[in-house]
Amino acid sequence: MINSVKTNMVRILLLMTVVLFTSCEDYFVNPLKDKETGEDINLLIIDMNFFKTRMTYQLKDAKTGETILSDAKISFSGKNANDIVNYSGEKNPFYQTSQGQLELVADPNVAISASSPFEFVVKAEIAGYNTLEKTVSIQSEGIKTIDLELLKTSDENESELTGETENGIDTVFHFSLPPAGLKSATTVTYKINYTLTMSNLLKFKDIDGNLLFKNQEEASAAYQKDPANFIKVTIMSYNQYTPGIETVNLNGSTRKMLFHKLETGKLSSLVIAGKKVGSFNGGVISSESVNKADFLPKILGFAQIENSTWKMLGTTVTYNSLNFFYTLATVSEEQLCEKGASISFKSNFVSSFSIAADVFDLSGNQITTLYFKGEFPATFVLENVPSKAAKLVFKNNNTAFKPIAELQVTSLCSGNYVVNVEPAASYQQYQVVLKALCPDNLTVAIAPTYSAQIRLKNTNDLWQGVEMKGGVANILGLPDKEYEMRLLWNNEWEYSTYWTKFDDNGKYTGVTEPKAKIVSKKLADGRIQISVDKVFDQNICDDLGW
């Protein structure tokens with residue numbers, strides 16, 4: 001697979017254009033001059049625009065929604081895990097980022113369609129957060145954005161439970177964990193009941209490896225001495241997750257379903273008669289989720305990742321080891337459409353765009369979040385959606401666009417809908433052409449096909465997603481302003497700056513940063529093209545194997 005990707009790159013190299021540039025005196029003023037001879041450098045431009053499916057992974061805090069800027073390890077498993085590669089066509093056992101975002105691609109030799117979806121499980125690990133596993137199924141080629149919501153351990157709710165008993169053949173202890181709340185428009189109730197029998201309790205060992213009790217008589221005596229504090233269980237839990245669409249195995253049938261993690265949790269401490277339990281030693285604790293009728297027609301139950309899918313385990317599970325983890329979730333059995341309605345984004349200006357929308361049913365319950373990225377005009381066919389009426393609420397996070405009105409759809413599974421997008425006041429159209437020069441070999445440059453971002457320099461504006469193909473990005477900007485553009489390359493952001501300042505003939509009059517060259521010209525449609533040739537700090541050529 002890797003060799004085939006490399007072969008495609010070699011074919012692209014055969015199509016490279018040799019371009020001759022001219023200009024100034026000095027390497028740091030004009031990197032396209034040989035430092036020793038002062039002669040022009042012939043530049044080979046490598047265009048990476050042959051990857052058909054590009055995937056942006058966004059690491060977000062489950063509670064705040066903020067980007068997690070910590071060291072993260074991301075790995076893949078499942079059907080197409082080995083078909084996920086970096087921009088040099090290499091498959092790694094895992095990928096690392098500390099920028100809250102990761103850019104990867106699908107092997108272009110692997111066909112993706114509704115009849116042959118691209119499926120895998122992504123696993124994200126960050127210190128201080130609970131490990132996340134998420135199932136992904138892609139039905140078509142294109143640009144994909146995948147949110148990875150991780151829960152910070154310090155944001156978990158701590159509950160200390162004590163047990164009560166009932167007498168029978170075996171003494172049985174019960175303790176319950178009610179929910180603190182749900183992240184949904186309609187709050188419904190559930191409760192998790194835990195059960196521990198005396199026969200299992202007698203198998204438990206303390207942290208020194210000794211049995212808690214020699215026999216049932218000793219255990220019963222300890223209980224009678226202080227019934228209220230005989231069992232103390234500490235559960236760390238969280239139940240503010242956003243619902244979504246995942247691959248689920250329900251009663252042996254595996255398919256995409258509406259999936260909502262109601263709660264995740266873990267047993268962090270178990271103390272019996274003042275002794276901290278160190279191991280179950282063959283004993284077990286069982287749990288049961290109750291009030292499942294409150295969720296109908298959705299199905300309530302415990303779930304775990306198994307064979308690249310969420311397997312629904314039912315309402316009762318048994319744990320045979322200390323410090324167990326659990327996920328309580330609901331799924332909907334309603335059939336999803338692999339291909340759904342068409343959403344077209346149109347505008348009267350030339351620009352790329354990155355637009356997100358939360359999708360709600362008519363009862364106000366969130367179904368999922370959709371991401372649309374491309375260049376006007378563009379049409380997107382929804383994937384894995386339920387056949388129901390809904391509304392798309394567009395996030396107002398792009399300063400270059402006027403707020404986009406909500407879109408009502410009669411069915412997510414069918415129909416054609418148009419979203420008209422207008423520029424904010426005073427914004428004008430530009431085209432940026434970026435060539436990333438390799439610092440160790442100034443005769444080679446990359447024309448990135450990448451998810452770039454721009455914003456006004458020296459502001460706290462949100463970064464705006466830009467679709468860049470072959471180094472070309474059509475964008476909106478305010479006149480006479482300095483902008484910064486960035487690309488996430490090999491776990492580091494590469495930055496470049498430019499101004500939207502020109503004379504009457506369209507000649508660039510802004511400041512040029514060191515190790516860069518910027519020229520401009522008017523295009524036939526009246527827009528101004530800004531050409532930025534920038535020496536990257538990272539050795540992009542080495543990363544790509546050139």
Side-chain angles (χ1 to χ4, degrees), residues 1-17 44-58 74-95 97 101-122 134-146 308 338-339 352 354 371-375 378-381 383-384 434-436 438 444-452 465-473 487-491 540-546:
M1 180 273 301
I2 294 175
N3 288 336
S4 62
V5 178
K6 291 287 190 181
T7 299
N8 274 343
M9 289 186 169
V10 171
R11 290 173 181 165
I12 296 297
L13 288 174
L14 294 176
L15 300 177
M16 288 182 195
T17 304
L44 291 175
I45 302 176
I46 303 171
D47 186 350
M48 301 187 301
N49 190 18
F50 62 89
F51 289 110
K52 303 173 186 176
T53 301
R54 298 169 14 230
M55 297 169 284
T56 300
Y57 297 88
Q58 298 183 151
I74 298 176
S75 55
F76 301 92
S77 61
K79 171 188 161 190
N80 292 109
N82 289 326
D83 300 321
I84 299 171
V85 298
N86 59 22
Y87 274 86
S88 61
E90 297 173 338
K91 156 69 179 173
N92 294 328
F94 62 88
Y95 301 86
T97 180
Q101 185 172 311
L102 182 67
E103 301 278 346
L104 296 172
V105 293
D107 180 351
N109 298 292
V110 177
I112 301 176
S113 66
S115 60
S116 182
F118 195 85
E119 298 176 325
F120 57 92
V121 174
V122 55
K134 180 181 178 66
T135 65
V136 179
S137 179
I138 297 173
Q139 310 288 323
S140 62
E141 297 173 344
I143 305 169
K144 311 297 178 181
T145 300
I146 300 164
S308 302
E338 293 177 341
K339 295 288 187 178
S352 64
S354 180
Y371 292 92
F372 306 95
K373 193 165 191 176
E375 186 170 299
T379 298
F380 301 84
V381 177
E383 300 178 2
N384 299 314
L434 174 67
K435 288 183 285 293
C438 305
V444 180
I446 308 298
T449 295
Y450 223 65
S451 296
V466 173
E467 171 60 4
M468 178 174 283
K469 292 183 179 180
V472 179
L487 297 89
L488 185 59
W489 187 265
N490 198 22
N491 193 31
I540 191 170
C541 291
D542 279 358
D543 294 338
L544 290 173
W546 287 296

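We count residues from 1, following the sequence as given.
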Self-check item: Spatial distance of atom CG (L102) from atom OG1 (T97) [nearest 0.5 Å]
Solution: 6.0 Å
Quiz prompt | Contacts of type salt bridge (charged side-chain N to carboxylate O under 4.0 Å, His left out), residue K144, not counting sequence neighbours | solution = E383
Quiz prompt | Contact summary for L487 and A452, nearest pair of heavy atoms | solution = CG-CB, 4.1 Å
Quiz item: In Å, rounded to the nearest 0.5 Å, how long is the span from CG of D83 to CG of N109?
Solution: 9.5 Å
Practice problem: Just jot down the ring-ring contact (aromatic ring centres under 6.0 Å, His included) partners of F380, sequence neighbours excluded, or say none. | Solution: F345, F372
Quiz item: Can you name the side chain to side chain donor-acceptor pair (under 3.5 Å) partners of S352, sequence neighbours left out?
Solution: none
Quiz item: Which atom names give the shortest non-hydrogen contact between A445 and K435, and what distance separates them?
Solution: CB-CB, 4.3 Å
Quiz item: What pair of heavy atoms forms the shortest contact from A114 to P117, and how long is it?
Solution: O-CD, 3.6 Å
Quiz prompt | Any residue meeting side chain to side chain contact (heavy atoms under 4.5 Å, CB included) with T379, in chain and number order, not counting sequence neighbours | solution = S342, S344
Quiz prompt | Rounded distance (nearest 0.5 Å) linking atom CD of E119 with atom CD1 of I112 | solution = 10.5 Å
Practice problem: Quick one: closest heavy-atom pair of S77 and S308, and the distance? | Solution: C-OG, 4.3 Å
Exercise. Quick one: list whatever passes side chain to side chain donor-acceptor pair (under 3.5 Å) with E141, sequence neighbours left out.
Key: none
Quiz item: If you round to the nearest 0.5 Å, how far is CG of N82 from CZ of F120?
Solution: 12.5 Å
Quiz item: Taking all atoms of both residues into account, what is the closest heavy-atom pair of S75 and F94, and its distance?
Solution: CB-CB, 4.1 Å
Exercise. State, yes or no, whether a side-chain contact exists between V110 and N80 at a heavy-atom distance under 4.5 Å.
Key: yes
Practice problem: Dump the intermediate steps for side chain to side chain contact (heavy atoms under 4.5 Å, CB included) on I74 and V122, then the final yes or no. | Solution: CA-CA 7 Å; I74 298 176; V122 55; 3.6 Å; yes
Quiz item: Taking all atoms of both residues into account, what is the closest heavy-atom pair of Y95 and L104, and its distance?
Solution: CE2-CD2, 3.6 Å
Exercise. Would you check if L434 and M468 make a side-chain contact, meaning some heavy-atom pair closer than 4.5 Å?
Key: yes
Quiz prompt | side chain to side chain donor-acceptor pair (under 3.5 Å) against S113, all qualifying residues, sequence neighbours excluded | solution = S115
Quiz item: Mind checking what makes side chain to side chain contact (heavy atoms under 4.5 Å, CB included) contact with S451, not counting sequence neighbours?
Solution: R54, T56, E103, K373
Quiz item: Taking side chain as C-beta onward, heavy atoms only, is F118 less than 4.5 Å from T53?
Solution: no
Exercise. Give a yes or no answer on whether the side chain of Y450 reaches the backbone of G470 with a donor-acceptor pair at less than 3.5 Å.
Key: no
Practice problem: Look up atom CD in Q101 and atom CG in N491, then write down how far apart they are to the nearest 0.5 Å. | Solution: 11.0 Å
Quiz prompt | Partner residues of N92 under the side chain to side chain donor-acceptor pair (under 3.5 Å) criterion, sequence neighbours left out | solution = none
Exercise. For I138 and M55, run side chain to side chain contact (heavy atoms under 4.5 Å, CB included): C-alpha distance rounded to whole Å, both residues' side-chain angles, the deciding distance at 0.1 Å, then the answer.
Key: CA-CA 10 Å; I138 297 173; M55 297 169 284; 3.9 Å; yes
Self-check item: With sequence neighbours excluded, residues passing ring-ring contact (aromatic ring centres under 6.0 Å, His included) with Y57
Solution: F76
Self-check item: Candidate pair T449 and F51, rule side chain to side chain contact (heavy atoms under 4.5 Å, CB included), full reasoning
Solution: CA-CA 9 Å; T449 295; F51 289 110; over 6 Å; no
Quiz item: Under the side chain to side chain contact (heavy atoms under 4.5 Å, CB included) criterion, do Q58 and T145 qualify, and how do the steps go?
Solution: CA-CA 7 Å; Q58 298 183 151; T145 300; 3.6 Å; yes
Quiz item: Which value, rounded to the nearest 0.5 Å, describes the distance between S137 atom OG and N384 atom CG?
Solution: 5.0 Å
